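Okay, so here's the structure we're looking at.
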Amino acid sequence: MKCLIIGSGPAGYTAAIYASRANLAPVLIEGPQLGGQLTITTEVENFPGYPDGVEPFQMMDDLRRQAERFGTQFVSAIVDEVDFSCNPKKVWTDDGTLYEAETVIIATGASAKWLGLPSEKEYRGRGVSACATCDGFFYRGKTVAVVGGGDTACEEATYLANLCKKVYMIVRKPYFRASDIMQQRVFNNPKIEVLFEHNTVRLTGDQKVEGADLVYKKGLPEQEERHIAIDGFFLAIGHQPNTKIFAEYLDLDVEGYIKVDGDSPRTNIPGVYAAGDCADPHYRQAVVAAAAGCKAAIEADRYLNGH
Ligand code: NDP
């Protein structure tokens, strides 16, 4: 085949729209999370063309149907191995199927990070979550904590405040990293209490989360231990790019993001492109990912024409 696309977020679907309109007859392997990370947010308010906002599933379904209209084929599977040392490139999915493609567009996105506390693992699914939109409903009328100081943390805290009695935000720095508008929503919400300069040491509880031990001003003379009673603990501390299976062939940066050639989605292997959050530690926005998907498909078409 001419073009294989891995991933079904805004980058993957946009690459599929462009590649199918260029007659590359792409096959898109959807991966573990159909529609990508965006589908775990509540509402998309910043994608151009939706003045009233849009439900993430609706937006991803629109993109998918647009790609389908021009002939993209979709495969519901997870890629677990690749071999980019040969031409065509080889890609295997978890059901053992081998795909051979002259060009490959990687759009595998990124996944939520965890703090790495042993108790976090112990209580996963029993009070610990990395997705407020998915699990917030179970905490109606309860008290929860959100860890992180970025846009995701502010968005999740605001969302949870609509459902819960009280929301703590545990922020390790004395300030937020989030954009002003998101910070204002948090500060204006009487149900949210922000605990700046706090770190979580452990989660406590019998069978399920009932509290968290925190440290205030860790490592400073004023250091103090604190305990909060909570029913739910939500992680919102950023993301890890989903690039492990490509590490043998592609150049990655220290955080694991695929290195691309300046503004282009070209990787160190001709005919292999990376688009979206798997290659973007800076912007991590759906519209930026979509643009990168477009560029990747154009590059793939040019590469094929040159061969
Ligand atoms: P960010 O990387 O922006 O923020 C991560 C937050 O988690 C930071 O406050 C960071 O602290 C904190 N953190 C990281 N590791 C730890 C740790 N081990 N312990 C405690 N705290 C930790 O990630 P986001 O997911 O919030 O955002 C990613 C991108 O997506 C951003 O560009 C953001 O703007 C965008 N976004 C936009 C939205 C919108 O516009 N609607 C919604 C959601 C995300 P520190 O600051 O100290 O490093």
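These figures come from a predicted structure and were not determined experimentally. What's counted below: heavy atoms across the whole structure, side chains too, no hydrogens, waters or symmetry copies. Both counts, for ligands and for their atoms, begin at 1 and track the order of listing.
- Aromatic rings from Phe176 and Phe187 are positioned such that their centres are separated by under 6.0 Å.
- Taking every non-hydrogen atom of Glu155 and a distance limit under 4.0 Å, the qualifying atoms of ligand 1 come out as 41 (N), 42 (C).
- You'll find the side chain of Ile269 reaches within 4.5 Å of the side chain of Lys89, heavy atoms only.
- Near His239, with a cut-off below 4.0 Å to any heavy atom, the atoms of ligand 1 are 25 (O).
- For ligand 1 and Gly148, the ligand atoms under 4.0 Å from any heavy atom of the residue are 7 (O).
- The aromatic rings of Tyr13 and Phe74 sit perpendicular to each other, their planes meeting at more than 60°, with 30° as the lower class boundary.
- Each of Met169, Glu155, Glu193 was scored for a side-chain contact (heavy atoms from CB on, under 4.5 Å) with Val186, with one residue passing: Met169.
- Each of Asn199, Val201, Ile170 was evaluated against Leu214; a single residue qualifies, Ile170, per the side-chain contact (heavy atoms from CB on, under 4.5 Å) test.
- For ligand 1, the atoms lying closer than 4.0 Å to a non-hydrogen atom of Lys173 are 45 (P), 46 (O), 47 (O), 48 (O).
- With a heavy-atom cut-off of 4.0 Å, Ile170 does not touch ligand 1 at all.
- In Asn199, neither the side chain nor the backbone holds a heavy atom less than 4.0 Å from any atom of ligand 1.
- No side-chain heavy atom of Ile258 sits less than 4.5 Å from a side-chain heavy atom of Pro241.
- Taking every heavy atom of Gly149 and a limit of under 4.0 angstrom, the matching atoms of ligand 1 come to 6 (C), 7 (O), 8 (C), 9 (O).
- Note on ligand 1: Tyr283 sits in its first shell, one or more heavy atoms being nearer than 4.0 Å.
- Among the atoms of Arg172, some N or O lies under 3.5 angstrom from an N or O of ligand 1.
- For Lys113, the closest heavy-atom approach to ligand 1 does not fall below 4.0 Å.
- Distances below 4.0 Å separate heavy atoms of Asn46 from the following atoms of ligand 1: 39 (C), 40 (O), 41 (N).
- Of all the heavy atoms of Glu45, none lies under 4.0 Å from any atom of ligand 1, so neither backbone nor side chain is involved.
- Salt bridge Lys90/Asp83: absent, no basic N to carboxylate O contact under 4.0 Å.
- Of all atoms in ligand 1, listed by their number and element, those nearer than 4.0 Å to a heavy atom of Thr152 are 24 (P), 25 (O), 26 (O), 27 (O), 43 (C), 44 (C).
- Here the CZ-OG1 distance, from Arg177 to Thr152, works out to 10.5 Å after rounding to the nearest 0.5 Å.
- A heavy-atom distance below 4.5 Å is found between the side chains of Leu304 and Glu102.
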